[in-house]
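To keep things clear, I will list the structure first and then write my remarks on it.
The sequence lines fix the lettering, A, B, ..., with proteins before strands; numbering per chain opens at 1.
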Amino acid sequence: MKDRYNFSEIESKWQKVWEETKPFKVTEDPDKEKYYVLEMFPYPSGKLHMGHVRNYSIGDVIARFRTMNGYNVLHPMGYDAFGLPAENAAIQHNVEPAEWTWGNIAEMNRQLRQLGLSYDWDREVATAHPSYYKWMQWIFIQFFKAGLAYKKESQVNWCPSCQTVLANEQVVDGCCERCGSLVGKKNLSQWYFKITDYAERLLSNLDKLDGWPNKVKIMQRNWIGKSHGAEAQFKIQDYDETLTVFTTRIDTIYGTTFMVLAPEYPSVPDMVKGTEYEADVMAYIDRCAHMSEIDRTSTTNEKTGVFIGKYAINPFTGKTMPIFIADYVLMGYGTGAVMGVPAHDQRDFDFAKKFDLEIIPVIDPHDPEVDLNNLKEACAAEGTVINSGEFNGMDNKDAIQKIAEVADERGIGRKTINYRLRDWLISRQRYWGTPIPMIYCDDCGWVPEKEENLPVLLPTDVEFTGKGESPIVTSKTFVDTVCPVCGKPAKREVDTMDTFLDSSWYELRYCDARNDEEVFSKDKVDYWMNVDQYIGGVEHAIMHLMYARFFQMALYDLGLVKDEEPFQNLLTQGMVIKDGAKMSKSLGNIVTPAEIIEKYGADTARLFILFAAPPERELDWSDKGVEGSFRFLNRIWRMVYEFLEKYENIPGKYEIRNEADKKLAYTLNYTIKKVTEDVRDRFNFNTAISAIMELVNEMYRYKEGDVNEALYSTAIKTIVVLLAPFVPHITEELWQELGYEGYVYDQKWPTYNEEELKKDEIEIVVQINGKNKEKINIPGDATREDMIQIASENEKIKGLTEGKNIVKTIAVPGRLINIVVKG
RNA sequence: GCGUCUGUGGUGGAAUUGGCAGACACGCUGGAUUUAGGUUCCAGUGCGAAAGCAUGCAGGUUCGAGUCCUGUCAGACGCACCA
């Protein structure tokens, strides 16, 4: 054995072994309990960053730990390979998106292999590969057939100068990131998925997801945004249309003094056509088209709006009231029309003040602080209904029910449930995505491509000018085709799919990644699913996880999978930051995995990243901290080296000869217990590693005395096995140097001996009125009464309680005694 | 703006169930080893002279609060076409 830890030699040696022997390749084995560990697959930007290293290190510890505990572990990796950056590279650097992407994947594959991760690489998928997107298209067609996909007109960001559609990300402060022009909106007919049909199930199933962090479930609940309320219908004076509003406060309908429509409300242009209001209204609509939703709904902004010259009629009072359009009303939520009740809604209050509109209080909260005739702000409190005709005197909570019932009877409204969740817009006017396998025929309408013709391949004769609605339009071979139903000339859909679709079912494809005959074998998916542990960035808490859940439910309804939920347990990791800020090029605080691996090796990088913080928290990168982790591995190396030089390696049954042996045996067993529980139950790898460090410190102390070779050999062997999931290369090397058979990744996880964890004597604290006063030693098996007895005999405690009235004494076994005194 | 989360020594963090705040590590200080630097090994290290005081800030519940409750401030993440 070499006296120095040569990490680069060791790491490349074992990576080569793993590459050749494929120890992490798995197949279905009905006799073994399976465990599916999945890390969110990366977008192949070309460079691995520390967030990736963190994600995959966490997953690798879990996968290796479960393998050592006897599970049949599925641990796959792949690439979310479609997306905007490849297209930008094409536009800016004139490189084919495919070439750019496959090059990046090759580079990232190389970097991932340097980390020593236990993947079954034979299951690698890349969503941009036809063998993957063929089945993406197949799933789309099944969804279409099931009525889950439909076309609808909607708005996109449009740069008038570039003549192209922009992603929200490409819009900076309302302007095009490329040319700086003011971005507008453009209407396009686009594909949607009816995720709202699943709103209730997506919501109620959350209760079953015990293995998910509460915060993620709360975020998803809020995102779905279920609210119970009512619809009410308002006729428009001298215009043949009825406005339907959604409100959660139908009890305040008598207080409605105006109506507000979203600027995009479809009939608004027609209502103002040819009137004196037309110019102002159309100008306002245009202005709103340049604003983001976040800006529009900000409650701190001064309210803006325009009167459209029409009046609505309150269905209960018959009173007429002005109709406005205003940016704080969104077309995408509710019905795009709201009743303005300034007395009881703050946004309506602000609007009424601005436009000098009437404020009618209709709920009396019986609060002396609130002057109903001179409101300073809206009063959302509950109370008694007033100024509301037949409903006066009711409790407003009862009125919410009653008014909705009365409206229903009179045909002017009804109770309803509204969700904030909107249908999923999946069309992208982009090249580098899965082509939507739909064909438009003048006679048959939108029909899917025949399944035997899949995949609909992305055309390669495309120009990337950065202009136009979709680059695919420039292909001379793609668009024209024949109708799969009637055979007449027809045209293909030129939009591609949102890349979120690709990543909504990849966990299923991993179960049977090389299947050319079907999307996946049901038997294989039934064996491996669900994912036992999913790990990824908390930034995906809502969208990706909601979409993947929706896919699984839809596939469940199609009979393709046996469960409604794909991810049993979820671990959301925090970001990697440096000096208190996100690592970014512009701040110049980036540390790349490559430079750390070069300088210290992958084991050190993994160890530091797992040791520096628990997975859920942000991780503050520290170069000094990395050196500390490197030092620890060197310390281990030297300890084993010295052991092999000086002692016989005879692990196994040992005698406890003295206090030193007893102490080491205790620490050894305690460490096994601690590491097992921290990894298995809590994912607190930082405390697991610190426990191992304490064991090493104890062993350094121990070896200075009279060494019990059997015990010390056992400790050496155990520590190598305990460290194996964290630092796989060095432990494999040490295992070999110690002369053991087989591989350390294949060893059985150690168990601990309860007997050796028992202590004869423990130290507890004695408090008086909650303040620590004394420490006493008591027998390990002392009862409450024993504890109090021993404490009361202590000289210091006697002195402190003398002449005082002891009110009570609280004894917590194994921890403390608190004596409460008076006087 | 809305939603969610996080605030503990000089630093990263520990305290798992309301029960000794600061494990482990970094940094720093001192010592040993070394021709010297580095490495390594050992010891010390929240503040305070002490009584005591300390977990962003202000209250509250409790025998006891970093942990629970209310309010507040600061930062991070998400907000539907980045992935």
Taking [M] as the reference, what is the distance to [N] when you measure between their [atom1] atoms (whole Å, please)?
| N | M | atom1 | answer |
| --- | --- | --- | --- |
| B:rC82 | B:rU11 | P | 38 Å |
| B:rA23 | B:rC68 | P | 23 Å |
| B:rG60 | B:rG22 | P | 27 Å |
| B:rG46 | B:rU40 | P | 23 Å |
| B:rU6 | B:rA51 | C1' | 36 Å |
| B:rU45 | B:rC57 | P | 25 Å |
| B:rG9 | B:rA54 | C1' | 10 Å |
| B:rA15 | B:rU55 | C1' | 11 Å |

Quick check: do A:Arg606 and A:Ser629 have side-chain heavy atoms less than 4.5 Å from each other?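 Side-chain contact under 4.5 Å: no.
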Got a second to check how far A:Asn88's CG is from A:Leu84's CG, nearest 0.5 Å?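 Output value for this atom pair is 4.5 Å.
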Separation of A:Asn55 CG from A:Gln573 CD (nearest 0.5 Å):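 These two atoms lie 4.0 Å from each other.
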Are OP1 or OP2 of [N] and a side-chain N or O of [X] less than 4.0 angstrom apart?
| X | N | answer |
| --- | --- | --- |
| A:Arg617 | B:rG7 | yes |
| A:Arg682 | B:rA15 | yes |
| A:Asn222 | B:rC2 | no |

Does the distance from a Lys or Arg side-chain N to an Asp or Glu carboxylate O, for A:Glu642 and A:Arg638, drop under 4.0 Å?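 Looking at A:Glu642 and A:Arg638, the cut-off is not met.
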Using a strict 4.0 Å threshold on nitrogen-to-oxygen distance, state whether A:Lys151 and A:Glu493 make a salt bridge.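 Salt bridge: yes.
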Taking NZ from A:Lys771 and C1' from B:rG64, how many angstroms apart are they, rounded to a whole number?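 Distance, rounded to whole Å: 10 Å.
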A:Lys578 NZ to B:rU11 P: how many Å, rounded?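 So the two atoms are 16 Å apart, to the nearest Å.
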On RNA chain B, does the nearest nucleotide to A:Arg4 precede the nearest nucleotide to A:Asn818 from the 5' side, or the other way round? Give the residue.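 Between the two, 5'-proximity favours A:Arg4.
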RNA chain B: 5'-proximal contact among A:Lys215 and A:Gly814 (nearest heavy atom):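 Taking each residue's closest nucleotide, the earlier one in sequence belongs to A:Lys215.
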Side chain to side chain contact (heavy atoms under 4.5 Å, CB included) for A:Phe193 and A:Tyr198? Distances and angles first, verdict last. CA-CA 10 Å; A:Phe193 276 163; A:Tyr198 286 76; over 6 Å; no
What is the ring orientation for A:Phe140 with A:Trp191, classed by angle as parallel under 30°, tilted 30 to 60°, or perpendicular over 60°?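 The arrangement is perpendicular - the two ring planes meet at more than 60°.
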Nucleotide by nucleotide, nucleotides 21-34 of chain B touches protein heavy atoms under 4.0 Å in the pattern (B base, S sugar-phosphate only, - none) S-BBSSS-------
When every nucleotide of nucleotides 76-83 of chain B is labelled 5' to 3' by its protein contacts under 4.0 Å (heavy atoms), B for base, S for sugar-phosphate only, - for none, what sequence of letters results? SSSBBBBB
Check whether the ring centres of A:Tyr132 and A:Trp505 lie less than 6.0 Å apart, and answer yes or no.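 For A:Tyr132 and A:Trp505, the ring centres are under 6.0 Å apart.
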Is the A:Phe611-A:Phe632 ring centre distance short of 6.0 angstrom?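 That pair fails the under 6.0 Å test.
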If you look at every strand shown and take non-hydrogen atoms under 4.0 Å, does A:Asp620 touch a base, only sugar-phosphate, or nothing?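 The residue A:Asp620 makes sugar-phosphate contact but no base contact.
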Walk me through whether A:Thr434 and A:Asp502 qualify under side-chain hydrogen bond (donor to acceptor under 3.5 Å, both in side chains). CA-CA 8 Å; A:Thr434 302; A:Asp502 306 319; 3.2 Å; yes
Could a donor-acceptor pair under 3.5 angstrom be found where the side chain of A:Lys674 meets the base of B:rU16?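 Checked by distance alone, the answer is yes.
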Can A:Met136 and A:Tyr506 be said to form a side chain to side chain contact (heavy atoms under 4.5 Å, CB included), step by step? CA-CA 10 Å; A:Met136 178 74 259; A:Tyr506 73 116; over 6 Å; no
Testing A:Phe630, A:Trp621, A:Tyr600, A:Phe685 for ring pair (Phe, Tyr, Trp, His ring centres under 6.0 Å) with A:Phe608, which one passes?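 The residue from A:Phe630, A:Trp621, A:Tyr600, A:Phe685 that satisfies ring pair (Phe, Tyr, Trp, His ring centres under 6.0 Å) with A:Phe608 turns out to be A:Trp621.
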Name the orientation of the base relative to the sugar in B:rG64: syn if the glycosidic angle is within 90° of 0, else anti.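 Anti.
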A:Glu763 side-chain proximity, nearest of B:rC20, B:rA14, B:rU16: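 Out of B:rC20, B:rA14, B:rU16, the nucleotide with an atom closest to A:Glu763's side chain is B:rC20.
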A:Ile195 vs A:Leu421, side chain to side chain contact (heavy atoms under 4.5 Å, CB included): CA-CA, chis, key distance, verdict: CA-CA 8 Å; A:Ile195 193 171; A:Leu421 184 70; 4.2 Å; yes
Which range-with-range stems can be found for RNA chain B when each stem has 3 or more Watson-Crick or G-U pairs in a row and both distances sit under 3.5 Å?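 Paired runs of 3+ in RNA chain B: B:1-7 with B:73-79, B:10-12 with B:24-26, B:27-32 with B:40-45, B:56-60 with B:68-72.
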